[in-house]
2 protein chains.
Amino acid sequence: MTVARERLLDAAVEAFAEHGFTATTTRDIASRAGMSPAAVYVHHATKEELLFTLSLNGHHAALNVIEQAGTDAPDAVAEVRQLVYAFSLWHAQNSRVGRIVQYEFRSLTSEHRAQIASIRRQIEAHMQDALKRGVAQGVLDVPNIADTARALLSLSIDLVRWFDPHGSQPPDQIAALHADLAARMTAARRHPDRF
Amino acid sequence: MTVARERLLDAAVEAFAEHGFTATTTRDIASRAGMSPAAVYVHHATKEELLFTLSLNGHHAALNVIEQAGTDAPDAVAEVRQLVYAFSLWHAQNSRVGRIVQYEFRSLTSEHRAQIASIRRQIEAHMQDALKRGVAQGVLDVPNIADTARALLSLSIDLVRWFDPHGSQPPDQIAALHADLAARMTAARRHPDRF
DNA sequence: GTCTATACGTGGATAGAC
DNA sequence: GTCTATCCACGTATAGAC
């Protein structure tokens, strides 16, 4: 509720994305938020708890994006396309948070890691379910559901490693390309013959 | 040549892969190599120089792998398949080094970063060239060469984020899947590869 | 080349005034 | 809730003996 608490979270996103969690000092975070080093601890118990808050928010947002996408798709091919489009778009539009979410996982305490891991499993399960539906419908050809789901998510996630938010490439363009590639990777070459 | 120097490099791979560069202490590296903290500095000037050596070796190895692959491919579809197979196989078999290579880039000095970046451009160019040849031959359908090349590399690179070297999944199995997906992503419709 | 000992800076977190 | 001042642990790197 306090404005200061959110200013500190924003400052932490900047700092963690720029230098990484371990290399970021609480003094740097405080300074970016225009506060003294001590003020950090009024609003957040530890530096790790700050990271956990960001990571939890980020994972919830990503899960929400993938759960909302594809609900009005006419068939499973369109659904896969929409899931990958939405997931890639989110990672391109939130590449700083995405980098923290993906790369600072091991800096969390084991309890916090376990909580985050559960959200990750929900994201993977959602993609797997879409593939399974498509295979059952006969419109997708996916020999290996689990690994292919992971490969589709990899495309989006790896965005945060190289995507430049200040660059000229529009997020929706790369999302559209990924959606096309996803459709080609999974679509059956033709619909099964009907007797 | 000295054995100690290589023992320290091996120890650094372990430590950096496990905790990340910043969170790794020189004491930890020395301890894993069975030496005193001071001994590190007999063989390596700084901790960053240790990272640079590992990163340079790793990038050279990855570049070499992709340059050797696909040389005897009968056509561009097979070449793309072989490039992705080899690149994914290497990342699965060297996931610890791969993690350092991919995630500790920003911990390098700007001079060292520039050297590494040049090798990365060569890797990207190699994949792009294969796609261009295939399009020219008419066996590949790739509307966006640069972004598609990056997507193909993403599949392999993102392996290091989740691949478990102690898990049960064989490296060649995930490499084969990635090769299949790469072929489906890029092959022209009228020249289907096996899938 | 390896050790023990240590200098020296830095960083997470706290104390206590306002 | 914010500040200044500070504690204290830790980490990189070096000194100097063997």
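For the numbers below, each heavy atom of this structure counts, side chains included, while hydrogens, waters and symmetry mates do not. Chain naming here is simple, since letters A, B, ... match the order of the sequence lines and numbering starts at 1 in each.
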S.K.: Can you check whether A/Val65 reaches A/Gln93 side chain to side chain, under 4.5 Å on heavy atoms?
M.R.: no

S.K.: Could you identify which residues cluster with A/Tyr103, counting Ile, Leu, Val, Met, Phe, Trp and Tyr as linked when any side-chain heavy atoms lie under 4.5 Å apart, either directly or through a chain of such contacts?
M.R.: A/Val160, B/Tyr103, B/Val160

S.K.: Return the minimal non-hydrogen interatomic distance between B/Ala12 and B/Leu54, and the atom names on each side.
M.R.: CB-CD1, 3.8 Å

S.K.: Mind running a 4.0 Å heavy-atom check of residues 7-19 of chain A against DNA chain D and sending the residues that fall below it, in number order?
M.R.: none

S.K.: Using salt bridge (charged side-chain N to carboxylate O under 4.0 Å, His left out) as the criterion, list what pairs up with B/Glu67, not counting sequence neighbours.
M.R.: none

S.K.: Taking C-beta and beyond as the side chain, do A/Lys132 and A/Ile145 meet within less than 4.5 Å on heavy atoms?
M.R.: yes

S.K.: Tell me which residues in residues 47-55 of chain A lie within less than 4.0 Å of DNA chain D, going by non-hydrogen atoms.
M.R.: none

S.K.: State which residues pass side-chain hydrogen bond (donor to acceptor under 3.5 Å, both in side chains) with B/Gln128; sequence neighbours excluded, sorted by chain then number.
M.R.: none

S.K.: Do the charged groups of B/Arg32 and B/Asp28 touch, with an N to O distance under 4.0 Å?
M.R.: yes

S.K.: Can you tell me how far C1' of C/dT4 sits from CE of B/Met35, to the nearest Å?
M.R.: 15 Å

S.K.: Let me know the distance between CZ of B/Arg27 and P of D/dT14, rounded to the nearest Å.
M.R.: 14 Å

S.K.: Does any part of the side chain of A/Leu50, heavy atoms only, come nearer than 4.5 Å to the side chain of A/Val40, both counted from C-beta?
M.R.: yes

S.K.: With the threshold set at under 4.0 Å for non-hydrogen atoms, list the residues of residues 36-44 of chain B touching DNA chain D in residue-number order.
M.R.: B/Ala38, B/Tyr41

S.K.: Could you tell me which non-hydrogen atom of A/Arg184 sits nearest to which non-hydrogen atom of B/Met185, and how far apart they are?
M.R.: CZ-O, 2.9 Å

S.K.: Calculate, to the nearest 0.5 Å, the distance between atoms CG and NE2 belonging to B/Asn57 and B/His59 respectively.
M.R.: 11.5 Å

S.K.: Just call it for A/Thr22: base, sugar-phosphate, or nothing, with non-hydrogen atoms closer than 4.0 Å on any strand.
M.R.: nothing

S.K.: Nearest-nucleotide wise, let me know which of A/Thr25 and A/Ala45 is further upstream toward the 5' end of DNA chain C.
M.R.: A/Thr25

S.K.: What are the two closest heavy atoms between B/Ala39 and B/Leu8, and how far apart are they?
M.R.: O-CD1, 4.2 Å

S.K.: Whether B/Thr26 contacts D/dG11 is assessed here as follows: a side-chain N or O lying under 4.0 Å from the phosphate OP1 or OP2. Is that the case?
M.R.: no

